[in-house]
> 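Below is a structure I'd like to ask you about.
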Amino acid sequence: MAAQQLFPWNKETLRRQLSVIRGEIAPTLVLKNATYLSSARKAWLDGHIWIYEDRIVYAGKDWPALTTGTEIVDCSGKRIVPGYIEPHAHPFQLYNPHTFAEYASMRGTTTLINDNMFFFLNIEKEKALSLIEDLDKLPTSMYWWARYDAQTELEEEDAIFSPSDMKAWLEHPLVLQGGELTSWPKVMTGDDTVLHWMQYTKELNKPIEGHLPGASSRTLTQMSLLGVNGDHEAMNGEEALRRLDAGMTISLRYSSIRPDLPHILEELLDAGVRDFSRFTFNTDGSTPSFYKQGVIDKTIAIALEKGVPEIDAYEMGSYNSARHYGIDDQLGMIAPGRIAHLNVLEDSRNPVPEAVLAKGRWVLKDGENHYPNRDFSWESYGVHPFMIDWNLQEDDFHFSMPMGIELVNSVILKPYQLSIDVTSDELSQDHDECFFVMLDRHGKWRINTVIKGFASTLGGFATTFSNTGDIVLIGKNKKDMEKAFEELKSHDGGMFLVEDETLIESIPLKLFGAMSLEPMGNVIEQHEKMTKALKDKGYPHEDPVYSLLFFSSTHLPYIRITQKGIFDVHKKTVLFPSIMR
């Protein structure tokens with residue numbers, strides 16, 4: 001079964017495909033009079049594209065000998081390009097992998113290469129691997145990475161990242177790479193466990209994705225020596241060139257927290273870059289409303305606008321990723337043998353498709369969504385609602401820690417010395433300091449402090465959306481915070497905003513308290529409303545979703561709130577331990 005996952009055509013299917021070429025069987029679909037992108041020639045070619053079920057069997061000047069029952073679509077005046085590839089997706093940002101796959105495919109991104117961490121941390125191995133296999137039965141091609149660490153301080157990390165689980169994930173044919181490597185500082189200072197799994201990844205002939213923000217040339221060189229093949233953290237042209245000089249593939253990011261792509265491309269072109277074959281695009285797990293602009297189609301549009309040559313721009317959004325992952329024999333090209341992911345464009349200067357084929361079936365045609373309806377039985381894979389069977393206690397709102405945390409931008413936390421009275425039930429709205437509580441999802445421990453820079457007039461806010469799946473309460477008023485918790489508990493997880501003990505905004509997240517079951521359009525609307533409501537309460541940064549997600553993420557400076565307590569990332573020490581309840 002594993003071999004079929006990577007190469008999905010058995011002997012019988014292959015012989016039927018040969019029979020199409022021999023004129024013994026009709027193709028299921030022919031795109032006639034097509035002008036299509038040939039990455040083999042780096043040129044636009046004219047001809048006909050024959051498709052049999054989910055595979056391109058021919059592209060060229062010939063016409064099939066038999067067309068009985070064949071769907072024939074005249075593409076005169078159109079341009080056909082490969083389906084776009086998103087090589088760095090985090091499909092858990094309020095949406096879920098299924099709904100995001102559908103949404104992305106409607107805009108031509110028909111292949112996703114996804115972060116596995118959420119499934120790895122929350123689902124038993126066999127069920128998780130069965131889930132990714134079933135997700136690949138969607139019209140969208142769904143591939144994955146295998147994480148080496150949790151990018152936070154977990155109570156039982158060694159047991160979670162067990163050798164048997166790591167081996168099973170890395171060996172799975174739908175897992176195309178190791179990483180992203182957020183624990184590289186540990187590797188540099190002697191962590192042989194992660195290095196072992198990096199070496200094993202290379203033995204499997206799979207690439208390793210780095211996570212190297214601000215890395216110097218010296219660091220990048222050392223990472224290359226350790227096997228890192230690519231990185232997505234360049235924030236300007238110079239940083240992109242450093243990675244190129246280190247022999248890496250560079251994935252240029254356009255995301256809701258780092259929309260760097262336009263100026264990176266300007267700087268690369270100004271620097272004289274003319275060969276873009278080692279560049280790809282990614283959106284790095286953007287929050288829902290950002291995707292109103294599009295997915296990889298938007299990054300291609302930016303590249304075209306900035307003056308990247310047309311064919312290069314499309315290949316950065318398709319072929320280059322397929323080649324980097326060693327799957328260009330199946331994806332990223334319009335040529336025999338490739339999965340029939342194809343975008344029909346009205347004009348090559350506009351990468352937003354007017355029609356989309358995914359695995360040989362129309363998912364967008366004549367302006368209508370034809371993506372098949374499918375109800376995933378999430379609970380059968382161990383993905384269940386965030387159920388809370390415990391209650392808050394009076395001590396959960398006891399604040400005595402002398403140090404607070406300051407949110408200096410959407411994701412960076414710094415320590416600061418408390419100077420306000422935190423013994424009352426309500427804080428003044430004259431400043432931007434709020435009560436902050438993190439609670440273990442099972443009610444075993446808590447961390448109480450004050451957060452500065454999150455809001456100034458926030459009554460109470462509760463969420464289960466966090467990197468570790470633990471509960472965060474923030475607010476000025478303890479009664480509002482308690483009410484927000486009760487709303488969260490009664491709805492089995494999500495985000496809940498309360499004012500004067502009345503719920504004013506919410507995003508129910510029925511899957512593990514992190515993902516919505518709603519269609520992407522609904523989630524976008526909910527995200528926009530919640531973001532506006534929090535900004536109205538004084539949230540000053542780009543997107544509160546990132547703040548909530550990364551409170552525990554130790555791949556970011558300077559301090560983090562983890563299951564072990566408030567953690568100093570640089571010193572790798574717990575400053576204030578969590579308190580048992």
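Position 1 is the first residue of the sequence, and the numbers go up from there.
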> Tell me whether the count of non-hydrogen atoms from other residues, nucleotides or ligands lying under 6.0 Å of NZ in Lys572 goes above 12.
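Enclosed: over 12 neighbouring heavy atoms sit under 6.0 Å from NZ of Lys572.
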> Would Leu220 and Met248 count as a side-chain contact (heavy atoms from CB on, under 4.5 Å) if you check the C-alpha gap in whole Å, the side-chain angles of each, and the deciding distance to 0.1 Å?
CA-CA 9 Å; Leu220 292 167; Met248 295 181 181; 4.0 Å; yes
> For a quick check under 3.5 Å, do His324 and Asn229 share a side-chain donor-acceptor pair by atom type?
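Absent: no donor and acceptor within the cut-off.
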> Could you tell me whether Trp197 and Phe161 have their ring centroids closer than 6.0 angstrom?
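Not under 6.0 Å, so no.
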> Would Lys78 and Asn343 count as having a side-chain donor-acceptor pair, cut-off 3.5 Å?
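Per modelled atom types, Lys78 and Asn343 side chains form no pair under 3.5 Å.
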> side-chain contact (heavy atoms from CB on, under 4.5 Å), that's the test. Do Phe119 and Ile132 meet it? Break it down for me.
CA-CA 9 Å; Phe119 289 164; Ile132 68 169; 4.1 Å; yes
> For residues His232 and Asn282, is any side-chain donor paired with an opposing acceptor at under 3.5 Å?
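Not at all, the side chains of His232 and Asn282 share no donor-acceptor pair under 3.5 Å.
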> So with a 6.0 Å cut-off around CG of Asp270, is the heavy-atom count from everything else above 12?
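Correct, the count exceeds 12.
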> Go through Glu528 and Lys292 one step at a time and tell me if the salt bridge (Lys or Arg N to Asp or Glu O under 4.0 Å) criterion holds.
CA-CA 11 Å; Glu528 288 179 326; Lys292 288 177 74 173; 3.1 Å; yes
> Has Tyr84 got a side-chain atom pairing as donor or acceptor with Pro351's backbone, closer than 3.5 angstrom?
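Such a contact is found between Tyr84 side chain and Pro351 backbone.
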> Given the rule in the side-chain contact (heavy atoms from CB on, under 4.5 Å) test, do Tyr291 and Arg107 qualify, once you have shown the distances and angles that lead to the verdict?
CA-CA 10 Å; Tyr291 285 119; Arg107 287 147 183 81; over 6 Å; no
> Do we see a donor-acceptor contact under 3.5 Å between the side chains of Asn409 and Glu542?
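Absent: no donor and acceptor within the cut-off.
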> Report yes if some heavy atom in the side chain of Val273 is under 4.5 Å from a heavy atom in the side chain of Phe279; otherwise report no.
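Side chain of Val273 against side chain of Phe279, heavy atoms only: contact under 4.5 Å found.
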> Is there a donor in the side chain of Ser251 and an acceptor in the side chain of His88, or the other way round, less than 3.5 Å apart?
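There is no such pair (donor and acceptor under 3.5 Å, judged by atom type) between the side chains of Ser251 and His88.
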> Return yes if some donor-acceptor pair links the side-chain N/O of Ser466 with the main-chain N/O of Gly469 below 3.5 Å, else return no.
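Checking the backbone N and O of Gly469 against the side chain of Ser466, a donor-acceptor pair under 3.5 Å is found.
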> Evaluate His98 against Arg374 for side-chain contact (heavy atoms from CB on, under 4.5 Å), listing each step before the verdict.
CA-CA 9 Å; His98 180 196; Arg374 181 176 177 186; 4.2 Å; yes
> Side chains of Trp50 and Ile56: closer than 4.5 Å at any heavy-atom pair?
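No, every pair of side-chain atoms sits at 4.5 Å or beyond.
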> Look only at the side chain of Ser38 and the backbone of Arg41, and say whether a donor-acceptor pair between them is shorter than 3.5 Å.
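Checking the backbone N and O of Arg41 against the side chain of Ser38, a donor-acceptor pair under 3.5 Å is found.
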> Is it true that a side-chain atom of Asn320 and a backbone atom of Phe276 form a donor plus acceptor pair closer than 3.5 Å?
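Flag set: sc Asn320 to bb Phe276 pair under 3.5 Å.
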> Does a donor on one side chain and an acceptor on the other come within less than 3.5 Å for Asp149 and Thr182?
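Result is yes, a qualifying pair exists.
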> Could you check whether Phe512 and Phe92 have their ring centres less than 6.0 Å apart?
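Phe92 vs Phe512: aromatic centres not under 6.0 Å.
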> Given His90, which partner from the list Tyr95, Trp144, Trp145 fulfils the ring pair (Phe, Tyr, Trp, His ring centres under 6.0 Å) test?
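Result: among Tyr95, Trp144, Trp145, Trp145 is the only option passing the ring pair (Phe, Tyr, Trp, His ring centres under 6.0 Å) with His90.
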> Indicate yes or no: at least one non-hydrogen side-chain atom of Leu181 is less than 4.5 angstrom from one of Val194.
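Yes, at least one pair of side-chain atoms sits under 4.5 Å.
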> Would you say Tyr546 and Ser256 are linked by a side-chain donor-acceptor pair, where the criterion is simply a distance under 3.5 Å?
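Indeed, the side chains of Ser256 and Tyr546 share at least one donor-acceptor pair under 3.5 Å.
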> Quick one: do the Tyr36 and Asp46 side chains pair a donor with an acceptor below 3.5 Å?
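Checked: Tyr36/Asp46 side chains show no N/O donor-acceptor pair below 3.5 Å.
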> We want to know whether Glu180 and Tyr148 form a side-chain donor-acceptor pair, criterion being a heavy-atom distance below 3.5 angstrom.
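No, Tyr148 and Glu180 have no side-chain donor paired with an acceptor closer than 3.5 Å.
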> Enter the distance from Ile559:CD1 to Leu556:CG here, rounded to the nearest 0.5 Å.
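The distance works out to 12.5 Å.
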> Any side-chain donor paired with an acceptor under 3.5 Å for Trp184 and Gln222?
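Absent: no donor and acceptor within the cut-off.
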> Heavy-atom distance under 4.5 Å between the side chains of Ile85 and Ile113, does that happen here?
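They are in contact (side-chain heavy atoms under 4.5 Å apart), so the answer is yes.
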> Do Gln177 and Tyr143 get their side chains close enough for a donor-acceptor pair, meaning under 3.5 Å?
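Side chains of Gln177 and Tyr143: no pair found under 3.5 Å.
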> Under the rule for salt bridge (Lys or Arg N to Asp or Glu O under 4.0 Å), what residues qualify as partners of Glu209, not counting sequence neighbours?
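Listed in chain order: nothing, the list is empty.
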> Does one side chain, of His341 or Ser141, offer a donor that lies under 3.5 Å from an acceptor on the other?
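Short answer, yes.
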> For the salt bridge (Lys or Arg N to Asp or Glu O under 4.0 Å) test, which of Glu233, Glu239, Glu86 pairs with Arg253?
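The residue from Glu233, Glu239, Glu86 that satisfies salt bridge (Lys or Arg N to Asp or Glu O under 4.0 Å) with Arg253 turns out to be Glu233.
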> Compute the centroid of each ring, for His555 and then for Phe550, and state whether the two points are separated by less than 6.0 Å.
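Close enough - the centres of the two rings lie under 6.0 Å apart.
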> May I ask you to check whether Thr219 and Ser216 show a side-chain donor-acceptor distance below 3.5 Å?
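There is such a pair (donor and acceptor under 3.5 Å, judged by atom type) between the side chains of Thr219 and Ser216.
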> Flag the pair Trp169 / Met166 as yes when at least one side-chain heavy-atom distance between them is below 4.5 Å, and no otherwise.
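Heavy-atom side-chain distance check fails, nothing below 4.5 Å.
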> Would you please say whether a donor-acceptor pair under 3.5 Å links the side chains of Thr140 and Tyr371?
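Side-chain D/A pair, Thr140 to Tyr371: present.
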> If we only count heavy atoms from C-beta on, is the Pro139 to Thr110 side-chain gap below 4.5 Å?
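No, their side chains stay 4.5 Å or more apart.
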> May I ask you to decide if Ser183's main-chain N or O and His211's side chain share a donor-acceptor pair within less than 3.5 Å?
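Judged by distance alone, no pair lies under 3.5 Å.
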> Is any NZ, NE, NH1 or NH2 atom of the basic residue among Glu315 and Lys42 found under 4.0 Å from an Asp or Glu carboxylate oxygen of the other?
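Yes, charged N to carboxylate O under 4.0 Å.
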> Does the Arg338 side chain pair with the main chain of Pro336, one donor and one acceptor, at a distance under 3.5 Å?
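Checked: pair present.
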> Are Ser289 and His527 close enough that a side-chain donor and a side-chain acceptor fall under 3.5 Å?
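Yes, side-chain donor-acceptor contact under 3.5 Å.
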> Kindly say whether Ser552 contributes a backbone atom to a donor-acceptor pair with the side chain of Thr562 at under 3.5 angstrom?
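Pair absent, no side-chain N/O of Thr562 close to backbone of Ser552.
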> Less than 4.5 Å apart, any side-chain heavy atom of Trp44 and any of Ile311?
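With C-beta onward as the side chain, the pair touches.
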> State, without any angle test, whether Gln93 and Thr287 hold a side-chain donor-acceptor pair at a distance under 3.5 Å.
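No pair is found: no donor N or O on one side chain lies under 3.5 Å from an acceptor on the other.
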> Is it the case that atom OH in Tyr200 sees more than 12 heavy atoms from other parts of the structure closer than 6.0 Å?
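Correct, the count exceeds 12.
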> Does the side chain of Glu354 come within less than 4.5 Å of Lys365's, by heavy atoms?
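In short, these two side chains do not touch, never coming nearer than 4.5 Å.
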> Would you please test Tyr314 and Phe281 for ring-ring contact (aromatic ring centres under 6.0 Å, His included) and show each step?
CA-CA 10 Å; Tyr314 282 101; Phe281 297 130; 9.8 Å; no
> Strictly by modelled atom types, are Asp543 and Ser410 linked by a side-chain donor-acceptor pair under 3.5 Å?
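Looking only at side-chain atoms, Ser410 and Asp543 do not form any donor-acceptor pair under 3.5 Å.
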> Does atom CD (Glu346) have a neighbourhood of more than 12 heavy atoms from anything else shown, all under 6.0 Å?
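No, the 6.0 Å shell around CD holds no more than 12 heavy atoms from other groups.
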> Among Leu138, Ile51, Asp136, which residue satisfies the side-chain contact (heavy atoms from CB on, under 4.5 Å) criterion with Lys359?
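Of the listed residues Leu138, Ile51, Asp136, the side-chain contact (heavy atoms from CB on, under 4.5 Å) partner of Lys359 is Asp136.
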> Can you name the nearest heavy-atom pair linking Pro207 to Thr201, along with the distance?
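For Pro207 versus Thr201, the nearest heavy atoms are O-CG2, 3.7 Å.
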> Hey, mind stepping through Asp284 and Arg258 against salt bridge (Lys or Arg N to Asp or Glu O under 4.0 Å) and telling me if it holds?
CA-CA 9 Å; Asp284 201 9; Arg258 296 290 331 178; over 6 Å; no
> Any side-chain donor-acceptor pair under 3.5 Å between Asp54 and Trp9?
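Side chains of Asp54 and Trp9: pair found under 3.5 Å.
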> Looking only at atom types and distance, does a side-chain atom of Lys206 sit under 3.5 Å from a main-chain N or O of Val175, one as donor and one as acceptor?
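Yes.
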> Between the side chain of Ser217 and the main-chain N/O of Arg242, is any donor-acceptor distance below 3.5 Å?
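No: the side chain of Ser217 does not pair with the backbone of Arg242.
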> Under the 3.5 angstrom rule, does the side chain of Asp245 hit a backbone N or O of Arg243 as a donor-acceptor pair?
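No; judged by distance alone, with no hydrogens or angles, the pair does not exist.
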